[in-house]
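As a basis for the values below, the full set of heavy atoms in this structure was taken, side chains included, without hydrogen atoms, waters or symmetry mates. Just so we're on the same page: letters track the sequence lines, and every chain starts at 1.
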Number of protein chains: 2
Amino acid sequence: MTDRTRITIKDVALAAGCGVATASRVLNKSGPASAETRARVEDAARRMGFVFSATGRALQSRKSMTVGCLIPSLANPVFAEAVQGAQEELRSHGYQLLVASSNYDDETDNDILTTLLSKDVDGLLVTMAAPQESVPLAQARARDIPVCLMFHDPLPDWPSAHVSNAQAAAEVARQFALYGHERTGFLALRFSTSDRSRNRFDGFRAQCAALNLAPPKLIEITETEANTPSILAQRLSNHPDLTAIFASNDFLAIAVQKAAPLMGRHVPQDLSVVGFDGIEVGRLLDRSLATIETTPEAMGRQAAQTLLTGLQGGAMTELAPLPFTFRAGATLSGPRAKSPDDDRGAAQSPSVPPFTSNDKQG
Amino acid sequence: MTDRTRITIKDVALAAGCGVATASRVLNKSGPASAETRARVEDAARRMGFVFSATGRALQSRKSMTVGCLIPSLANPVFAEAVQGAQEELRSHGYQLLVASSNYDDETDNDILTTLLSKDVDGLLVTMAAPQESVPLAQARARDIPVCLMFHDPLPDWPSAHVSNAQAAAEVARQFALYGHERTGFLALRFSTSDRSRNRFDGFRAQCAALNLAPPKLIEITETEANTPSILAQRLSNHPDLTAIFASNDFLAIAVQKAAPLMGRHVPQDLSVVGFDGIEVGRLLDRSLATIETTPEAMGRQAAQTLLTGLQGGAMTELAPLPFTFRAGATLSGPRAKSPDDDRGAAQSPSVPPFTSNDKQG
DNA sequence: TTGTACGCGTTATCAA
DNA sequence: TTGATAACGCGTACAA
């Protein structure tokens, strides 16, 4: 009954008793055709269940209508949501998304980019370890393929959908100062390979200096250390003087909360913790997590929109940073030593409202 | 300097002073070539930064090395993790993943499938509302394109990576019975369009009957209702007699926890709640969520593996269900009325250990 | 209004 | 060992 091979426009033309060019014109509404042949072609196409081959089309038109997307991992909801936003935006403009994740591996980043390039993607959405040094990313540029980064602070050569990591981190320093903290730490995963993490630290350190806080201690840990509360506790107990820790993402902040009791410290009385990202979970926790709230889906959407203008031949200018919000939470209070009569450890509000980056810049 | 157009094998052949066929053989190591020409070709290719066009290849070989993936949403970590698992597995075998999400919309499901088909995907990984009635899915079958479902209970025509929704739900009924609950409810989102939800309800209801519990009340809600605690509380307060609720996923279960206080009921003393999926968050909550724990990443991986055998021409047999675990949590205890001296509402352990599907079947 | 023929980048065939 | 050529499915220039 049904032929098990692909139905091509040639088959349709044959069945409709016309040439392929005519069938193409009818099916694409791209040229003249008599009402009668139009009917015959459309009928045949419908009957046979004809669908265009995007491959043949891509080869001919040099447009694959496909965008490549490279991210560290879909297991992190921050990235998954960004991809979700980008996908929706692109699909509504006829583009499909080729998605691959690197598991935070530098070499895999470039392997994936090379593969995506060979797939003839029309554009690229990228979050990776080292965009500046990536050969395949430079090749994309050389081939005039629009690229938009996500999550990265803007780089000289590449537009990026982002929140200002430095400004957001500075706000954390401000909050710590408001609550009376003086000795703080910055807890980072993959510090050397993540410009996002480094920029957060830089912004944090600069603002600490501006506020006359002690220079923050940088505490780098591995994934294993992060996932093992006892080990994390040990690492943290090397810094008994710190009263507040800024974790470079929410998962790390939550890990600190779990590790704190193991070193005999209570959050927030003995140790305040602030995260980054604002994942939904943070709200639902026993002690709601104080954090910088971002909007990953909007970020993906913005990146996609910029890419679309690039795809249409427009100029891709540097993107304005997306807004972030400092979200107050039960993991941040004044340090016990500094306020001896505050034994309960309940979060005390500082005299200023939570900061929102919207307040500063549109 | 650099030409802004794609470098093809023709360019390489020209530069190496040989024919395209020879260049192809060298670059693919697919045929004979003298050491000397081999060197010239490889050198030219490297110099010019040549990469094969997967499009040209796909057209010629009728293999796109691309797999289409349709899921409801990447914003749900359960699906995102499954995609992550599948992507890793497929990439290690040279396949790329074309990902699209439908936002749980029936029509979009089919639109996306049609698009993926036109992209000449070699295989399909699918979670959708109504696989049985999908025309494009049937077309995939007609074109001999391997398809593996994810999350769906096995259907007559399609293999599916899954946990047994009915068995898992039955285990929840068993737990409720152990704790002395008699009047239970099943809270569902998109009940009519989700076979997963329906199968959970069926399994739950059947086991309730087997255990002489009252038939569970089916409570269907909309997304809006789920996201607004006050409304959800109102909906739930229509069922004051229920002492335990089985929510069709963890997010719903968490929503119930948030809504309960609004109707003056405490979890778990006045109302026990059990979820489904076992998302990481549940563990970290104030009251850890009792739930059915599943392994979405393994599910994606399994689906990908099956698909790979199909891609290699092997037979895709029905898949054994993946293991699930009942995870005890602080949201489940005995009903207050049934154990009047248990005012604290602390979870009391029943006399049997938590169930794991591994115990029953390999 | 219609159809023929070419080229997109690749690989397989086949003759040299 | 090599290279010319056909074919994959499509859109389009061009001729009819």
Side-chain angles (χ1 to χ4, degrees), chain A residues 3-42 44-45 48-66 94 115 117-122 143, chain B residues 3-42 44-45 48-66 94 115 117-122 143:
Chain A
D3 207 24
R4 61 186 44 238
T5 177
R6 182 182 245 298
I7 290 155
T8 78
I9 202 170
K10 210 179 288 184
D11 302 319
V12 175
L14 194 64
C18 69
V20 288
T22 306
S24 172
R25 278 185 298 249
V26 169
L27 265 10
N28 288 307
K29 307 185 202 312
S30 63
S34 73
E36 197 220 352
T37 45
R38 183 177 304 277
R40 283 212 316 278
V41 169
E42 281 171 348
M48 311 172 74
F50 169 77
V51 220
F52 281 106
S53 159
T55 307
R57 246 184 192 171
L59 195 57
Q60 200 288 135
S61 68
R62 304 156 136 305
K63 252 114 191 56
S64 66
M65 296 307 281
T66 295
T115 306
L117 247 26
S118 87
K119 289 268 180 180
D120 296 318
V121 293
D122 293 336
R143 278 173 49 186
Chain B
D3 206 24
R4 61 186 43 238
T5 178
R6 182 181 245 298
I7 290 155
T8 78
I9 201 170
K10 212 178 285 184
D11 302 319
V12 175
L14 194 65
C18 70
V20 288
T22 306
S24 173
R25 276 187 301 251
V26 169
L27 265 11
N28 287 307
K29 306 184 203 312
S30 63
S34 71
E36 196 219 354
T37 45
R38 184 177 303 279
R40 283 210 318 278
V41 169
E42 281 170 349
M48 311 174 73
F50 169 78
V51 220
F52 280 109
S53 160
T55 307
R57 253 187 186 168
L59 193 56
Q60 201 293 134
S61 68
R62 303 151 139 302
K63 254 113 191 55
S64 66
M65 296 307 282
T66 296
T115 306
L117 247 26
S118 89
K119 289 269 180 181
D120 297 318
V121 294
D122 293 336
R143 277 173 50 186

Could you state the CE-P distance from B:Met65 to C:dT11, rounded to the nearest angstrom? 13 Å
Between B:Ala33 and A:Thr8, name the one whose nearest nucleotide on DNA chain D is closer to the 5' end. B:Ala33
Expressed in angstrom and rounded to an integer, what is the separation of A:Phe52 atom CZ from D:dC8 atom P? 18 Å
Residues of residues 15-31 of chain A with a heavy atom under 4.0 Å from any atom of DNA chain D, listed by number, are A:Ala21, A:Ser24, A:Asn28
Tell me the interatomic distance from B:Lys119, atom NZ, to D:dC8, atom P, rounded to whole angstroms. 22 Å
Sorted by chain and residue number, the side chain to side chain donor-acceptor pair (under 3.5 Å) partners of B:Ser61 (sequence neighbours excluded) come out as none
Any idea which heavy atoms bring B:Val41 and B:Leu27 closest together, and the distance? CG1-CD1, 3.7 Å
In residues 55-63 of chain B, which ones come under 4.0 Å of DNA chain D, going by heavy atoms? B:Leu59, B:Gln60, B:Arg62
Starting at atom CD1 of A:Ile9, determine the distance to atom P of C:dT4, rounded to an integer number of angstrom. 14 Å
Atom pair distance, as rounded to whole Å: NZ in A:Lys10 and P in D:dA7: 8 Å
In whole angstroms, the gap separating P of C:dG9 from CD1 of B:Ile7 amounts to 11 Å
Output side-chain donor-acceptor pairs under 3.5 Å for residues 48-55 of chain B, partner residues at least two apart or in another chain, one line each.
| from | atom 1 | to | atom 2 | distance (Å) |
| --- | --- | --- | --- | --- |
| B:Ser53 | OG | A:Asp120 | OD2 | 2.8 |
| B:Ser53 | OG | B:Thr55 | N | 3.2 |
| B:Ser53 | OG | B:Gly56 | N | 3.2 |
| B:Thr55 | OG1 | A:Asp120 | OD2 | 2.5 |

In whole Å, what is the span from the CZ atom of A:Phe50 to the C1' atom of D:dG11? 12 Å
So which atom in A:Lys119 and which in B:Met65 form the shortest heavy-atom distance, rounded to 0.1 Å? NZ-O, 3.1 Å
Looking at C:dT2, I'd like to know if its phosphate oxygens (OP1 or OP2) sit under 4.0 Å from a side-chain N or O belonging to A:Ser34. yes
Rounded to whole Å, how long is the line connecting atom CZ of B:Arg143 with atom C1' of D:dC8? 14 Å
Axis-to-axis angle across the helix from C:dT1-D:dA16 to C:dA16-D:dT1, five pairs an end, to 10 degrees? 50°
Between atom CD1 of A:Ile7 and atom NZ of A:Lys10, what is the distance when rounded to the nearest 0.5 Å? 14.5 Å
Considering just the side-chain nitrogens and oxygens of B:Thr37, establish if one lies under 4.0 Å of OP1 or OP2 belonging to D:dT2. yes
Check: residues 13-26 of chain A side-chain donor-acceptor pairs under 3.5 Å, at least two apart:
| from | atom 1 | to | atom 2 | distance (Å) |
| --- | --- | --- | --- | --- |
| A:Thr22 | OG1 | A:Arg25 | NH2 | 3.3 |
| A:Ser24 | OG | A:Asn28 | ND2 | 3.3 |

